[in-house]
Amino acid sequence: MLAIRWVTERDEKGYFWPSEEAKKHAWVSDPNIYEEAAKDPVAFWEKRAEEGIEWFQKWEKAYEWNPPHYKWFVGAKLNVCYNCVDRHIKAGKGDKPAIIWIPEPVDEPKRVITYVELHKLVQKFANVLKSLGVKKGDRVSIYLPMIPEVQIAMLACARIGAVHSVVFSAFSADSLRTRIEDSEAKVLITADGYYRRGKVINLKQNADKAVEGTSIEKVIVVKRAGNEVNMLNGRDLWWHELMEEASDNCEVEQMDSEDMLFLLYTSGTTGKPKGVVHTCGGYIVMAYWTSRWVFDLHDDDIFWCTADVGWITGHTYNCYGPLANGATLLFFEGAPDYPEKDRWWQIIEENKVTILYTAPTAIRMFAQWGEEWPAKHDLSSLRLLGTVGEPIDEDAWLWYFKNIGGSRCPIVDTWWQTETGGTLITSLPGIGPFIPTVAGLPFPGVTADILDSEGNSVSGSEGGYLVIKSPVPPSLLRGLYKDEEKFVNTYWSEYGKEIYFASDGARWVEDKYIRITGRVDDVMNVAGHRLSSAEVENAIASDERVSECAVVPKPHPIKGEVPIAFVVLKGVEPSDQLKEELIGAVKNQIGPTAKPADIIFVKELPKTRSGKIMRRMLKALLTNKPLGDTTTLQNPESVEHLKEVTGYKG
Ligand code: WT7
């Protein structure tokens with residue numbers, strides 16, 4: 001079969017456009033959609049809500065704006081799980097695969113879960129939660145690897161109105177504990193272990209360390225890897241035993257549009273992770289429509305989002321969005337290089353994946369491994385590629401386009417955040433253009449702008465700060481859990497309470513398309529993972545031999561950025577051993593993804609007159625950029641020493 005070309009040749013400006021076939025295939029191909037939506041965004045979202053989602057009761061008011069607070073579909077009733085599962089069965093799609101799960105061990109068969117089966121499993125597990133006393137509004141922590149029990153658990157929570165808080169399985173026990181404590185969860189769902197490059201990681205051990213002395217009453221354990229675990233009598237229960245006894249009939253809870261659907265913790269500029277609050281109505285409308293339009297998701301697609309379900313990308317595009325569309329999603333437990341560096345390409349070939357959504361860091365890694373790995377496989381089933389999580393450079397974009405997309409598939413570069421719940425800026429596959437390094441246009445109905453530091457809209461290719469204006473997208477976070485002050489300070493203070501400050505730099509391309517230039521706060525982006533400088537600093541500073549420390553990102557060819565720690569010691573001599581111990585502390589307190597790539601011992605840190613550490617200067621030292629004015633420092637004499645230890649070339 002001759003594979004269809006979904007994009008045109010690159011034009012003189014360097015843009016790609018959808019081919020005629022792509023326009024014909026796409027749900028949206030008329031660029032007027034942007035203007036129409038902009039004329040009356042609230043009416044636009046109302047139409048989306050009506051068409052995409054089944055409601056038990058319609059809203060009285062579509063949008064309420066009391067800056068910096070807002071509500072969508074006020075007074076409406078729905079159930080997100082019903083929209084992701086039950087209605088597809090009613091529509092006759094019960095036998096369609098909802099989830100194709102690929103285990104890491106190559107000799108273990110894949111598991112295909114149809115909508116009917118998913119329905120049964122979700123109802124059973126919802127009854128399990130109920131039997132343990134979980135009620136509407138209660139928080140449930142989920143600390144699971146990439147196995148289908150994670151979607152089953154999330155949907156079961158949504159079914160009964162419980163609020164889930166998924167914690168990335170590679171996070172440490174300490175990270176899990178902090179999140180359990182903040183959310184005051186009653187139940188934790190975890191697994192005995194999981195496979196990672198052929199080894200079994202004992203997850204239950206971490207869970208045990210995390211829950212002691214917290215609000216957790218019951219721990220439900222999925223038997224995944226069969227490793228030896230401790231089961232505490234009266235507290236720990238096996239998933240499969242509970243499921244055996246549970247009835248597979250569980251009514252859905254009628255939820256208010258503005259009831260909380262889930263909490264997801266993310267890193268901010270302080271040491272404490274923030275609990276981002278998402279609600280039922282607005283979130284699912286956005287998850288549904290962005291999945292449908294951005295990926296041009298159709299009934300015959302096999303959609304593969306490679307993000308871990310512990311991140312927002314996993315929530316929206318590995319669970320809620322595709323399932324709300326009644327689509328088939330592929331879910332992979334393992335690593336890209338196990339058993340060989342072509343595992344992903346083999347999976348695409350075998351399962352005829354049509355849409356691949358991944359992160360630039362993965363693409364840069366594949367590019368480094370070499371094009372011979374994807375070349376071994378027939379990737380002609382692919383129709384569309386996506387990226388997310390960090391700015392993508394032109395080389396990586398073009399490598400992905402050529403070697404994975406066969407120069408036939410468009411790449412949608414989707415900008416969004418944990419806080420936005422769904423994609424806000426991207427090109428649409430039937431409209432384009434697809435420009436390397438440029439995210440594109442705000443999604444229809446989304447009002448984005450780029451402002452200078454005074455709050456004026458910038459023009460030309462001048463850079464500025466990305467903001468979102470009212471009417472805010474339906475899925476924008478409703479708050480930070482139990483922290484109103486931080487919510488206001490973080491998002492609604494830079495330009496006042498009517499403008500959402502995204503903490504990203506951006507610039508216009510042709511006064512229309514948006515290029516994202518990266519974070520403007522002390523948040524790093526390490527291999528697509530959001531990491532706060534302060535969190536890593538706290539972990540290092542918890543060692544009593546450390547007097548002070550500052551952590552800044554340094555550019556890295558594959559990971560995008562890596563953390564580098566500058567450490568001032570308290571009366572002890574620097575040593576390699578101490579370096580290892582401090583790196584170990586970060587691994588234990590946050591997780592392996594947060595480990596500093598290097599620790600530089602210094603006599604003192606550069607500080608402003610008000611005593612603030614000048615992180616900007618530390619960044620400049622690491623990248624050999626101009627240091628700027630150092631005379632305003634409290635301790636200008638520290639600069640020579642810093643230049644020396646960092647090997648600064650200026
Ligand atoms: C930050 C949000 C939501 C997806 C996963 C990350 C950066 C995200 C892009 C993109 C350039 C991007 C931003 C943003 N980011 N997508 N397409 N181009 N940068 O979610 O962990 O909440 O991180 O990721 O800096 O603020 P997150």
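Just so it is clear, the model here is predicted, and its values are computed rather than measured. Reckoned from all heavy atoms, side chains included, excluding hydrogens, waters and symmetry mates. Counting starts at 1 for both ligands and their atoms, following the listed order.
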Tell me yes or no: between the side chains of W369 and D337, is some donor less than 3.5 Å from an acceptor? no
Answer yes if the side chains of T316 and Y283 hold a donor-acceptor pair under 3.5 Å, and no otherwise. yes
Atom 22 (O) of ligand 1: the protein heavy-atom neighbour that sits closest, reported with distance to 0.1 Å: T418 OG1, 2.5 Å
So is there a nitrogen or oxygen of T414 less than 3.5 Å from a nitrogen or oxygen in ligand 1? yes
For K486, does the NZ atom sit with more than 12 other heavy atoms under 6.0 Å from it, leaving out its own atoms? yes
Measuring from atom 1 (C) of ligand 1, which candidate in R519, M524, H529 has the nearest non-hydrogen atom? R519
Report yes if some N/O of D413 lies less than 3.5 Å from some N/O of ligand 1; otherwise report no. yes
Find out whether the Lys NZ or Arg CZ of R179 is both under 6.0 angstrom from the six-membered ring centre of F171 and within 45° of the ring's axis. yes
Do Y265 and T178 meet the criterion of a side-chain donor-acceptor pair at a distance under 3.5 Å? no
Please identify which atoms of ligand 1 are closer than 4.0 Å to at least one heavy atom of I516. 11 (C), 19 (N)
Polar contacts were defined as any N/O atom of the residue lying under 3.5 Å from an N/O atom of the ligand; does this apply to D504 and ligand 1? yes
Counting only heavy atoms not in K625, do more than 12 fall under 6.0 Å of its NZ? no
Give the contacting part of T313 toward ligand 1: side chain, backbone, both or neither, where contact means a heavy-atom distance below 4.0 Å. side chain
N/O of G389 under 3.5 Å from N/O of ligand 1, yes or no? yes
Quick one: look at E390 and ligand 1, take heavy-atom pairs under 4.0 Å, and tell me if it's side chain, backbone, both or neither. backbone
Against heavy atoms of I312, which atoms of ligand 1 measure under 4.0 Å? 3 (C)
Side-chain contact test, heavy atoms from C-beta onward, threshold under 4.5 Å: evaluate it for V552 versus L622 and give yes or no. yes
Which residue supplies the protein heavy atom nearest to atom 8 (C) of ligand 1, what is that atom called, and how far is it? W416 O, 3.3 Å
Contact with ligand 1 for P391, non-hydrogen, under 4.0 angstrom: yes
Cation-pi check for F44 against R48: NZ or CZ below 6.0 Å from the six-membered ring centre and within 45 degrees of the axis, yes or no? yes
Taking distance alone, with N or O pairs closer than 3.5 Å, would you say R530 contacts ligand 1? yes
For atom 4 (C) of ligand 1, which of the options V388, T316, T517 provides the nearest non-hydrogen atom? V388
Please determine if K272 and E535 form a salt bridge, counting it only when a charged side-chain N lies under 4.0 Å from a carboxylate O. no
